Amino acid sequence: MFRLSEIPIDAAALAHELADAGAGACVTFEGWVRDRNEGRAVRRLGYQAYALLAVAEGERVLAEARAKFAVVDAACVHRVGTLEVGELAVWVGVSAAHRGAAFDACRWIIDEVKRRVPIWKNEHYADGESGWLHPDNK
Amino acid sequence: MFRLSEIPIDAAALAHELADAGAGACVTFEGWVRDRNEGRAVRRLGYQAYALLAVAEGERVLAEARAKFAVVDAACVHRVGTLEVGELAVWVGVSAAHRGAAFDACRWIIDEVKRRVPIWKNEHYADGESGWLHPDNK
Amino acid sequence: MNYRVLYFASLRDRAGIDAEQVESRAGDARGLYAELRLRHGFSMTEERLRVAINGAFAPWEQPLHDGDEVVFIPPVSGG
Amino acid sequence: MNYRVLYFASLRDRAGIDAEQVESRAGDARGLYAELRLRHGFSMTEERLRVAINGAFAPWEQPLHDGDEVVFIPPVSGG
């Protein structure tokens, strides 16, 4: 299940949904809004998504993870809209019989989501400037 | 912070304590009681700990992780007593500026806790038998 | 032909609009983007963009049909 | 000398007790475990155990003192 959310993410409820009597391991990743990026003080973030394609591509990432790793279930929720420092921006959870697959799949999913899913981050800096991040800019 | 707990672990509250304005990533591991192990149906588990040394050794594992990986904070709580299938037996959480260190440290901590900390698991099987696991038995 | 174009992130800021109907003779996304670069002054080159047509990633040279929804996807930065 | 010995997991099941006071002439954990193996019929060999003295891991040959708490740690299985 891949979802975009305009409201705070309930991580505990999401982890609960991954439960299964055959699952001995659950690994979660939470991406939190940091107070700085590349040396600049960050006040808040704005996330924009092309929702139709973001959900389709996000579901594709999860399906690929299920095929690639021995997992029981996998899910991801990404916030859109304005987020303050400390807020949960993205949550990934994976349950599996054994921990190795859960760690590997969770890490792979967040890497792929960041690489492929059409969601963009606008950083609002303490000095009043802001800017969209388009990572291969560099 | 390494703790033993005789009551259910509140994972959400624990993750909350790892929060920091400089932390952009939080990785957690949850070990859940599975309904089977090595082909045998499991009904419940009993965990026993040598509490004095388990806490000291658990704290040592966390301190080593803090020295070894670029993490902001790390914590682990392990249940003792009787647990039913599906219950949370062990929780590890790591916050870090970046996700690589959070994944690496979380995985290292659970591996070391399983290898070094004096806690033992008694499996109660569906057929009425039970047995302590002493892994290098094999 | 008539296309619906959506803009996101820095393209949206530059165009100053979220979406528009575009009357164009371009038969594929490559031609359409060339037109829109001129119109809106986008600095981003084609090499840095992906294309989505009707909600699915598509090659730049895929023929466009009247009424298609076309989106130029700048490098993503979710997570 | 008088030692306090705690038992865990399969050693506890085999001994049938959680802890005991042991009067012994053994001057280290190696000698003490040899005595207790005989007394309780432990099948686990020394090679599979670690030793803790007064709450800290210690070498088998560390001299014991009167009143020490000694624990033989079977292979662990937390997590």
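Lettering of chains follows the sequences in order, A, B, ..., and the numbering in each one begins at 1. Quick caveat: nothing in here was measured; it's all calculated off a predicted structure.
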| field | Polar side-chain atom of R50(C) near backbone of P118(A) as donor-acceptor pair, under 3.5 Å | value | no
| task | Please state whether the side chain, the backbone, both or neither of A49(A) comes within less than 4.5 Å of a heavy atom of chain C. | result | backbone
| field | Heavy-atom side-chain contact between V71(C) and L52(A) under 4.5 Å | value | no
| query | Taking Q48(A) for the side chain and A9(C) for the main chain, is one N or O donor matched with an acceptor at less than 3.5 Å? | reply | yes
| said: Checking the side chain of H78(A) only, and the main-chain atoms of G79(C) only, is there a donor and an acceptor separated by less than 3.5 Å? | reply: yes
| message | With a 6.0 Å cut-off (strictly less than), is the heavy-atom count around CZ of R37(C), excluding the residue itself, greater than 12? | response | yes
| task | With the side chain counted from C-beta on, respond yes when E57(A) and F57(C) share a heavy-atom pair under 4.5 Å apart, and no when they do not. | result | yes
| Interchain contact, E69(C) with chain A, by part (heavy-atom threshold 4.5 Å) | side chain
| field | Q21(C) atom CD: more than 12 heavy-atom contacts under 6.0 Å | value | yes
| remark: Whatever's closer than 4.5 Å to a heavy atom in chain C on R79(A) counts as neither
| task | List the atom of L53(A), the atom of A52(C), and the distance in Å for their closest heavy-atom pair. | result | CD2-CB, 3.7 Å
| message | Given 3.5 Å as the limit, does a donor-acceptor pair link the side chain of H134(A) with the main chain of P74(C), or not? | response | no
| Side chains of I73(C) and W120(A): closer than 4.5 Å at any heavy-atom pair? | yes
| request: Answer with side chain, backbone, both or neither: which region of Y47(A) has an atom nearer than 4.5 Å to a non-hydrogen atom of chain C? | output: side chain
